[in-house]
Number of protein chains: 2
Amino acid sequence: MSNEQTELSLSEKQLASQEGTNLPLTSLEPLHTEGNKLRPTMQDVAEMAGVSLKTVSRVVNKEASVTQATRERVEAVIKSLGFRRNDLARNLRQGQTSSTIGLVIEDIANPFYSQLAQGVEYVARRYNHMLILSNSEENSQREREQVSALSHRRVAGLLIVPAGSDHSYLKSEMERGTPVIFVDRPPANLDVDMILLDSYGGSYTAVKHLLCQGHRRIGLICGDPSVYTGSGRVAAYRTALADWGIILEDDLLCFGCDDAEKAAAATQRLLSLPHPPTAVFTTSNRISVAVLRALRGVTRRLAFVGFDDFELADMLPTPVTVIAHDAAEMGRQAAELLFARIQGDERPTQRVIIPTRLIMRGSGEIPPEG
Amino acid sequence: MSNEQTELSLSEKQLASQEGTNLPLTSLEPLHTEGNKLRPTMQDVAEMAGVSLKTVSRVVNKEASVTQATRERVEAVIKSLGFRRNDLARNLRQGQTSSTIGLVIEDIANPFYSQLAQGVEYVARRYNHMLILSNSEENSQREREQVSALSHRRVAGLLIVPAGSDHSYLKSEMERGTPVIFVDRPPANLDVDMILLDSYGGSYTAVKHLLCQGHRRIGLICGDPSVYTGSGRVAAYRTALADWGIILEDDLLCFGCDDAEKAAAATQRLLSLPHPPTAVFTTSNRISVAVLRALRGVTRRLAFVGFDDFELADMLPTPVTVIAHDAAEMGRQAAELLFARIQGDERPTQRVIIPTRLIMRGSGEIPPEG
DNA sequence: TTGTAGGCGTTATCAT
DNA sequence: ATGATAACGCCTACAA
């Protein structure tokens with residue numbers, strides 16, 4: 001073992017491991033105990049520089065009409081005191097917004113969402129806004145809490161990947177002047193801008209591709225079909241089969257495979273069917289990975305196409321054919337639209353569809369066994 | 001092609017694609033044009049309920065000493081008006097903080113950082129704080145801008161994955177009462193808490209593991225060695241070789257492979273050496289992936305160990321041996337320490353090391369070719 | 001060019 | 001139990 005740098009183990013406090021302790025601490029009482037005039041204010045600067053508060057304000061905001069001499073004097077004091085304008089106060093006065101936008105997603109650790117977030121952040125910075133991130137954990141209750149918390153903080157706008165099935169609670173929020181954009185999933189009971197992937201088209205392409213290879217028994221492994229992204233993908237699967245005149249077999253459909261275990265179990269079930277599928281279509285990156293893992297070591301070679309691209313898909317023993325899209329671009333477009341709304345864009349509700357494309361890498365081009 | 005849902009193409013505006021346009025818009029002038037008494041205030045509620053403003057405040061904050069009757073009346077008005085307390089004003093008045101913490105990282109799309117962010121967010125929520133995320137893009141200039149913007153917004157604390165080589169500019173920030181924690185890399189010229197990975201120990205273990213398999217010519221492919229995480233890993237490599245009595249050959253070292261192209265080129269260079277290595281050690285997930293990609297199709301089988309685990313490492317044709325760690329746990333611990341500081345923890349500067357572990361999957365157990 | 005007065009929406013303090 | 005008043009730190013409007 002390395003001998004150096006072993007100085008210490010994990011931290012002494014293990015608060016993080018108190019799994020059950022999800023109750024938010026009622027409040028952070030002793031937060032600002034010692035209040036010894038850290039944080040000088042404009043008033044402090046003004047007094048020290050021998051000018052009025054307003055003059056300091058002018059200097060700080062780079063307004064014209066300040067003598068060079070005065071400006072320099074004030075700037076010197078600002079520097080020596082380490083003054084920083086308090087944007088809380090500033091925003092309270094002029095805008096009503098905190099110059100931040102909120103992004104509510106399910107899980108930042110999922111590459112799909114982290115790419116989305118990257119796109120959003122990129123645009124937000126161009127508009128001099130910062131990004132508040134919050135995880136809904138696919139829980140509609142938590143989603144509402146997060147939205148509420150963001151609203152309290154007066155975000156300039158909200159980007160939401162919705163979890164629940166009723167979003168009418170957002171209506172009052174929006175009427176109150178907070179622009180809201182839905183991302184990746186449409187709203188229920190609400191008229192609002194949305195940026196969606198072409199789930200239907202992409203999935204149709206995927207299934208059609210398998211059909212073109214000669215497959216007639218195609219398994220479907222998906223998450224919650226009542227979620228929009230799920231339902232669109234399932235609908236495309238059904239339609240594609242119907243268009244080919246194939247009668248759907250319920251045995252080939254696996255729903256609710258939202259975690260790896262369920263996806264693996266579904267895969268096993270399909271494989272052990274008396275008349276198993278020769279191909280599989282999965283509806284999201286997480287499911288794809290879980291299924292591929294379950295498929296490893298299986299002798300029969302199933303064709304495979306997955307929705308969402310993922311890193312190293314091209315490096316697996318059989319490179320994986322996918323329906324790819326640009327999640328970061330979706331984030332950028334969502335943010336652009338949001339800022340347009342923030343700036344007063346009054347166009348009717350928009351509905352933008354981000355295209356998908358089939359990337360053939362091998363797994364989707366395996367012919368039916370037989 | 002699917003016929004439905006083709007309704008539209010990409011959005012009309014292509015602002016997002018103006019790659020060069022990085023100049024922040026000077027400001028968002030027309031932001032709040034129409035100012036028609038959206039957003040009722042406590043004063044509005046008070047008037048409508050026929051009580052004083054302070055009473056409304058009491059109800060909103062669930063203070064005692066309010067008659068049941070009064071409370072109900074006020075609550076009814078709050079509901080009917082859709083009143084939301086303005087936390088900007090609230091925080092201005094009582095705390096100095098916006099009940100948010102800032103996280104400055106390099107790239108949220110990198111799984112390492114997105115897991116880190118997840119850990120941070122998890123803890124932040126327990127403390128009723130929200131998370132402001134900002135990308136430094138590994139640019140120390142931008143890092144300073146981001147820190148400044150966060151400071152202006154009066155974040156309660158700052159978590160920074162530092163980019164630059166001089167962090168003394170943070171000193172005044174900290175003296176002014178904003179707790180700061182460094183994550184993944186130590187500071188330069190600054191006394192501050194830090195949470196680090198056991199880069200040295202993990203790397204030593206990796207190289208030792210290869211040595212134990214009999215390898216004597218081990219290539220090193222790393223990013224910028226002047227970055228801490230790089231330097232520690234390189235140092236461990238050198239020490240391990242020295243401990244085995246092996247004379248270091250500079251030809252086997254590749255520095256500055258921060259992007260995929262450079263990493264690929266470095267791999268090629270190693271392979272074409274007159275006396276090529278029999279094993280390779282890479283110092284980060286991005287580099288590992290790039291090198292493995294470059295190694296694909298190469299007939300000679302090189303042993304391989306990478307720092308950082310990555311998704312599907314176990315699924316590649318030769319499953320990849322890695323030095324793994326828990327990035328989310330690092331985020332949680334960093335956040336816990338930050339909140340401790342926020343709450344007034346005055347212990348001396350902490351330095352926490354997150355352990356790593358070797359996961360043997362195959363690529364690291366390939367014997368030297370001979 | 002500079003300064004004064006008032007208010008943004010909330011909470012603290014001190015009365016009543 | 002309730003209310004009046006003064007902050008919090010800044011900006012807008014209007015003088016001087």
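Here is the naming used below: chain letters follow the sequence lines, and residue numbers restart at 1 for every chain.
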Listed once per pair and sorted, the salt bridge (charged side-chain N to carboxylate O under 4.0 Å, His left out) pairs that draw on residues 128-140 of chain A, sequence neighbours left out: E137(A)-R142(A), E137(A)-R125(B), E138(A)-R185(A)
Plane angle bin for H167(B) and F182(B) - parallel if under 30°, tilted between 30 and 60°, otherwise perpendicular: perpendicular
Please collect all salt bridge (charged side-chain N to carboxylate O under 4.0 Å, His left out) contacts where either partner lies in residues 73-85 of chain A, sequence neighbours excluded, each pair once. R84(A)-E173(B), R85(A)-D87(A)
Which heavy-atom pair separates P179(B) from L338(B) by the least distance, and what is that distance? O-CD1, 3.6 Å
Hits for side-chain hydrogen bond (donor to acceptor under 3.5 Å, both in side chains) against S136(B), two or more places apart or cross-chain, chain-then-number order -> none
Going 5' to 3' through nucleotides 10-16 of chain C and flagging B where a protein heavy-atom sits under 4.0 Å of the base, S where only the sugar-phosphate is that close, and - otherwise, we get BBB----
List in chain and number order the residues that pass ring pair (Phe, Tyr, Trp, His ring centres under 6.0 Å) with Y113(A), two or more places apart in sequence or in another chain; answer none if no residue qualifies. none
Under 4.0 Å from OP1 or OP2 of dT2(D): is there any side-chain N or O of T67(B) that close? yes
From CZ of R153(B) across to P of dC10(D) the rounded distance in Å is 15 Å
What is the bend of the helix from dT1(C)-dA16(D) to dT16(C)-dA1(D) when you compare the axis at one end with the axis at the other, using five pairs each and rounding to 10°? 40°
Are any of the side-chain heavy atoms of R39(B) and F83(B) separated by less than 4.5 Å? no
Heavy-atom closest pair (E63(B) atom, R71(B) atom, distance to 0.1 Å) is O-NH2, 2.9 Å
dT2(D), dT2(C), dC8(D): which one has an atom nearest the side-chain heavy atoms of S65(A)? dT2(C)
